[in-house]
Protein chains: 2
Amino acid sequence: MTPTRNDAPPVDPLATSIRDAGLKVTAPRVAVLTALADMPHVDADTVFRAVRETLPGTSLQAVYGVLGALTGVGLVRRFDPAGSPALFERRVGDNHHHLVCSHCGTIRDVDCVIGAAPCLTPVDTAGFRIHTAEVTFWGLCAECAADPRNSSDPIDSTTHTHSEETP
Amino acid sequence: MTPTRNDAPPVDPLATSIRDAGLKVTAPRVAVLTALADMPHVDADTVFRAVRETLPGTSLQAVYGVLGALTGVGLVRRFDPAGSPALFERRVGDNHHHLVCSHCGTIRDVDCVIGAAPCLTPVDTAGFRIHTAEVTFWGLCAECAADPRNSSDPIDSTTHTHSEETP
DNA sequence: GTCTAGTTTTGAGTTATTCAAAACACCACT
DNA sequence: AGTGGTGTTTTGAATAACTCAAAACTAGAC
């Protein structure tokens, strides 16, 4: 215990990162970043519901706006798997990739061996000035692969719901 | 010239491929495949407008249905770049990848060095049974890179329109 | 404390896509 | 060649995920 005067304002690393990125620090922004700290890959609506817990009255549009702003300055990364709404994550700057379960939609990060983007370059770049190589691995997660019902699961790019089906 | 009897019915390779895939051969299906033969990466609406030329009265829903069916049997490949509607292509079975211009949305195919999917495997598969590695390269196409206005074009994943901006 | 550019709210609109029921047509069989 | 039945397509409507715009608000520079 050090019951001394406390005149040093608590430095909130979240607020600092927002400010350092050149954005104004606002409650919705802090709330969105906080929500993303708990949940690795979430869509805008999930962020919205999480933000509402701590900051009721926040609008969904504000969440879209905040996510857009944070993504724009590189504090958040956006990732659009086919058949799913856009997902957002705080892990940023390491150009990692994603494993997506084509049956239940679960997502796992996988490290990029190279680290920096673009970690890959095509043989023929067709004159493009490439800045990113986005890699998405599709497959069955351990859980879905273990379920005998999925043993012959095709590449059904339409069924990315997180549902359990009853036989 | 061999002006002989012609009693062998003309074998339509398109119709044959559809039938061989286990689907009924219908006019909309042939029309969609024909349209895709001309256009490498198009969205459902573009296919729809092309199909209408030769087969008026075809509904957009039919086009969605046909594209879904053809994708399901592997005659067509679907690809969902972030910020764009789903695109369809007939080039199939070679696991090729895509170059996307983040400024104008132009898409170019790039050969997969390996050929078969998954052409890549992450170091840690987290127990996933991976079947595909989907690689998308983002950058500026030669044309957009040449335009000095785009020389500092950021990774603006929101501007994938095929528009020209007037200064 | 005040001002102002940047944010958020409020309210509405759009786009891409899917669902469902009824009409229709391909093609296996007679 | 006709016919039946299942798979397709049409018709009509609904939905999810996002975007736009104007008015109200507020963080932070002065």
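Reckoned from all heavy atoms, side chains included, excluding hydrogens, waters and symmetry mates. A note on names: the letters A, B, ... follow the listed sequences, proteins ahead of strands, and every chain is numbered from 1.
Rounded to an integer number of Å, the gap from A:Leu23 CG to D:dG28 P is 10 Å. Atom CZ in B:Phe48 sits roughly 14 Å away from atom P in D:dT9 (whole-Å rounding). Remark: P of D:dT15 and CG of A:Asp45 are 16 Å apart, rounded to the nearest angstrom. For the pair A:Leu87 CG and D:dA17 P, the interatomic distance rounds to 11 Å; values are reported in whole Å. Remark: P of C:dA12 and OH of A:Tyr64 are 19 Å apart, rounded to the nearest angstrom. The separation between B:Arg78 atom CZ and C:dA16 atom C1' is 10 Å, rounded to whole Å. A straight line from NZ of A:Lys24 to C1' of D:dG28 spans 7 Å, rounded to a whole angstrom. One can place CD1 of B:Ile18 at 9 Å from P of D:dT9, the figure rounded to the nearest angstrom.
Nearest-nucleotide positions on DNA chain C place A:Pro28 closer to the 5' end than the other of B:Val25 and A:Pro28. With DNA chain C read from its 5' end, the first of the two nearest nucleotides for B:Arg19 and B:Asp80 is the one closest to B:Asp80.
Of the possible donor and acceptor atoms, none in the side chain of B:Arg19 sits under 3.5 Å from a partner among the backbone N and O of B:Lys24. Not a single donor-acceptor pair under 3.5 Å links the side chain of A:Arg49 to the backbone N or O of A:Ala44.
Comparing atom distances between the B:Leu60 side chain and each of C:dT17, D:dC18, D:dT11 picks out C:dT17 as nearest. With D:dT9, D:dC20, D:dT10 as the choices, the nucleotide that has an atom nearest any side-chain atom of B:Thr26 turns out to be D:dT9. Of the candidates C:dT9, C:dT7, D:dT9, D:dT9 carries the atom nearest the B:Ala62 side chain, counting heavy atoms from C-beta on. For B:Arg29, counting side-chain heavy atoms from C-beta on, the closest listed nucleotide (D:dT9, D:dG28, C:dT17) is D:dT9. Of the candidates C:dC19, C:dT17, D:dG28, the closest approach to any side-chain atom of B:Ala44 belongs to C:dT17.
With respect to A:His98, the side chain to side chain donor-acceptor pair (under 3.5 Å) criterion is satisfied by exactly one of A:Glu134, A:Glu89, A:Arg108: A:Glu89.
As judged by a 4.0 angstrom heavy-atom cut-off over every strand, B:Ala69 is placed among residues making no nucleic acid contact.
Taking every heavy atom of both residues into account, A:Cys119 and A:His97 meet most closely at SG-NE2, 3.3 Å.
To the nearest 0.5 Å, atoms OG (A:Ser102) and CG (A:Leu140) are separated by 5.0 Å.
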